[in-house]
Amino acid sequence: MNIQETINKAIRAGLQEIYNVDIENVEFQATRKDFEGDITVVVFPFLKVIKGNPVEIGTKLGMYLTDNVTEITKFNVVKGFLNLVLSDAYFIENFEKSYQIDNFGIKEPESGEKSVMVEYSSPNTNKPLHLGHIRNNLLGYSVAEIIKASGKKVYKTQIINDRGIHICKSMLAWQKWGNGETPDSTSLKGDKLVGNYYVKFDQEYKKEILDLVSKGYAEDDAKKQAPLLLEAQEMLQKWEASDKDVVDLWKEMNQWVYDGFEQTYKALGVDFDKNYYESDTYLLGKDIVAEGLQKGIFYKKDDGSVWIDLTDDGLDEKIVLRSDGTAVYMTQDIGTAIQRIKDYPDVGGLVYTVGNEQDYHFKVLFLILKKLGFDWAKNLYHLSYGMVDLPSGKMKSREGTVVDADDLLLDMTNTAKEISEDLGKLEGYTDGEKASLFKTIGLGALKYHILKVDPKKRILFDPKESIDFQGNTGPFIQYTYARIQSILRKADFDFAVVSNGNETVLEDKEKSVLKQLALFPEVVQQAAENYSPAVIANYTYDLVKEYNSFYQSIPILAAEDEQEKIFRVQLSKKTSEVIKSAFDMLGIEVPERM
RNA sequence: GGUGGCAUAGCUCAGCUGGAUAGAGCACCUGCCUUCUAAGCAGGCGGUCCUAGGUUCGAAUCCUAGUGCCAUCACCA
């Protein structure tokens, strides 16, 4: 039984005894900093059943609790708030218990518990990754790790959009203007090379449109009839007919892109357990639609197209199969979801990390899967996140107004390098160690900057304003970790043993850190429930702030009393372990020195 | 127009299922490196929580209406 349950029980008994009433739910909150106390009981709700003034009720209850609960030593009442002071012994004992636990706050999956599959990234293979993809990748990876830490087995996956008209555009432009360029011949990353031809296509295509318009075409017609577009469409048809030349070129150029993505993923530190390719899945789902048609979930229009009517659910009618029998995105997504559960029968739910521009799509998709009667359909979650915008507005690959992922990662590392070298604390480090540290810090700054924001909020990114390395930032937290490591290296005595807590009187600063540490397991669960790395980030920041305040004002290795010294080193060690666990969930590394 | 999301300090963001005087960081100003790493600590300045109603002992939080920004409503994805 935890302390809150103990107190809750005591309050019920106390109110029974004093007022002869039974109250089921007692409202607790952490005591605010400006008042003395550790846990606060809100008295106001009692007024509904007990007549009287809140201060008097609080006082009587406080007296009862101090007499009957050993952990409670003192109390005070302010307005309708009963502030309870818990004993130092309670905090110390509680800490010593968690000190023994290796992965404090992290739960192991229970047998029989269903797994979760998290999809993220899911890029198109016609252009390099940009800042928007970075947010997606960081979020997806982090949420997967958080769910894992909360006690579920997780599979990370992506679906690679490797086919379609957009790919053909790059291919066509390369054929026309590429002169046989390859990543090797140009020393360009494959995704960059292919992206350049995607841009090239768009430029030439726009010229053709202008040309047609000047010849008297209406703009809409010009867009549809520009020779380049027609040629790209023809190429797509050839691809679908498995034309050897087209397929060969498609394979070659896609491979260039995959090699490029691989580098970016590696630099970002994200990974996948399973890749799905649209070229394998785009035909999936058609038989499901046929089934659903029989069951009457879908209906066929006169032209042969198949629809679902969702007006009763407050949505519109949605097409699930074209009149020519080909699949639309929805068809594919239905099929892919089912395929995934087939591939991984232990999976009981799917998480889709996709931008909020597709909110509607996923609402419809989930509803359709529910109507089709899959029991796992209730465990589908669209991890919807806000766009990353520039001061100039939306990022557009075709118009070149994007913050390139590789460039940004490099920038961050370089900034970390400049700051580190200015501070000059790295004597004795090899160049290799330094390079790796700069990466750790630079990426830490970027990842934290993005993940600390609530996923659903949009992020405005100004490339001219650099990301901070001070205050509520990744490097600030990394720095605290490094300082603790320094203490642990210097602590050349045995601090593994549990100290004899009864003799120790806690300093306020120690108590604050203890309280914050104790919250960690709960925070992990909360972050998982909310699919929110921001919860982890903000918690860690609060922990580190408390710890730094403690570090600055209280001697640790220089503590006079041996027991105190051991306890403070333990406290430091546990803090650094929680920082590491938390940052693991954010995909951020922690340094030994910095 | 219909639907959904967002709106908190000059800027970037917290604020859990309603609770005490709305919190951090950046920026600006003051102090603190002969003591465990100053990427730090302590303090100051700074707020009509978009507006107006409502529910409640109590609203930044819940409800209604409005305003602003964004997204979406295609045989696109």
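A note on names: the letters A, B, ... follow the listed sequences, proteins ahead of strands, and every chain is numbered from 1.
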Provide the distance between the two C1' atoms, one in B:rG68 and one in B:rA24, to the nearest whole Å. 27 Å
Which nucleotide in the set B:rA24, B:rC41, B:rC13 lies at the smallest distance from any side-chain heavy atom of A:Y541? B:rA24
Testing B:rA20, B:rA39, B:rC41 for proximity to the side chain of A:I441, the answer is B:rA39
With a 3.5 Å cut-off and just heavy-atom distances, do the side chain of A:S420 and the base of B:rA39 make a donor-acceptor pair? yes
Rounded distance in Å - CD1 (A:I536) to P (B:rC16): 16 Å
Which part of the nucleic acid does A:K425 contact within heavy-atom distance under 4.0 Å: base, sugar-phosphate only, or nothing? base
Determine the contact category for A:D333: base if any of its heavy atoms lies under 4.0 Å from a base atom, sugar-phosphate if only primed atoms, P, OP1 or OP2 are that close, otherwise nothing. nothing
Which base, if any, makes a Watson-Crick or G-U wobble pair with B:rG18, both distances under 3.5 Å? none
If I pick the P atom on B:rC32 and the same atom on B:rA22, what distance separates them, to the nearest angstrom? 32 Å
Ignoring the backbone of A:K456, work out which of B:rC36, B:rA42, B:rG5 is nearest its side chain. B:rG5
For the pair A:R32 and A:D34, evaluate salt bridge (charged side-chain N to carboxylate O under 4.0 Å, His left out) and give the outcome as yes or no after the intermediate values. CA-CA 6 Å; A:R32 290 179 63 109; A:D34 356 317; 3.7 Å; yes
Please report the distance, rounded to the nearest Å, between OH in A:Y547 and C1' in B:rC36. 8 Å
Watson-Crick or G-U counterpart of B:rC41, or none if no pair lies under 3.5 Å: B:rG31
Round to the nearest Å and state the distance from A:D454 atom CG to B:rU12 atom C1'. 14 Å
Just how far, in rounded Å, is P of B:rU3 from CG of A:N356? 18 Å
Using a heavy-atom cut-off of 4.0 Å across all strands, would you classify A:P54 as base, sugar-phosphate, or nothing? nothing
Measuring from the side chain of A:F44 (C-beta onward, heavy atoms only), which nucleotide among B:rG19, B:rA20, B:rA38 has the closest atom? B:rG19
Taking donor-acceptor contacts at under 3.5 Å, does the side chain of A:D316 reach the base of B:rA74? no
Taking atom C1' in both B:rU12 and B:rU51, compute the distance separating them and give it to the nearest angstrom. 25 Å
Taking atom C1' in both B:rA39 and B:rU67, compute the distance separating them and give it to the nearest angstrom. 43 Å
Ignoring the backbone of A:A482, work out which of B:rG40, B:rU37, B:rA20 is nearest its side chain. B:rU37
Does the side chain of A:R483 get closer than 4.0 angstrom to OP1 or OP2 of B:rA39 through an N or O atom? no
In whole angstrom, give me the gap between the C1' atoms of B:rG46 and B:rA71. 34 Å
Salt bridge or not for A:E546 and A:K515, using N-O below 4.0 Å? no
Taking any heavy-atom pair under 4.0 Å as a contact, classify A:F476: base, sugar-phosphate, or nothing. sugar-phosphate
Counting any heavy atom closer than 4.0 Å, what does A:Q29 reach on the DNA or RNA strands: base, sugar-phosphate only, or nothing? base
For B:rC36, which nucleotide in any strand shown is its Watson-Crick or wobble partner with both distances under 3.5 Å? none
B:rU3: pairing nucleotide in any strand, Watson-Crick or G-U under 3.5 angstrom: B:rA71
Check whether A:Y385 forms a cation-pi arrangement with A:R135 (NZ or CZ under 6.0 Å from the six-membered ring centre, at most 45° off the ring normal). no
Classify A:S323 by what it touches in the nucleic acid, base, sugar-phosphate, or nothing, heavy-atom distance under 4.0 Å. base
Under 4.0 angstrom between A:K457 side-chain N/O and B:rA14 OP1 or OP2: yes
Touch class at under 4.0 angstrom, heavy-atom based, for A:M594 against every strand present: base
Whole-Å P distance, B:rG15 and B:rU55: 29 Å
Using a distance-only criterion (donor-acceptor N/O pair, under 3.5 Å, no hydrogens), is the base of B:rA42 paired with the side chain of A:S549? no
Counting side-chain heavy atoms from C-beta on, which of B:rC76, B:rA38, B:rG19 comes nearest to A:R322? B:rC76
Return the nucleotide paired to B:rU12: Watson-Crick means purine N1 to pyrimidine N3 with N6-O4 or O6-N4, wobble means G-U with N1-O2 and O6-N3, both under 3.5 Å. B:rA24
Heavy atoms only, 4.0 Å cut-off, all strands: where does A:E522 land among base, sugar-phosphate and nothing? nothing
Does the distance from a Lys or Arg side-chain N to an Asp or Glu carboxylate O, for A:E240 and A:R163, drop under 4.0 Å? yes
Any strand is fair game: report the nucleotide pairing with B:rC50 by Watson-Crick or G-U wobble, both distances under 3.5 Å, or none. B:rG66
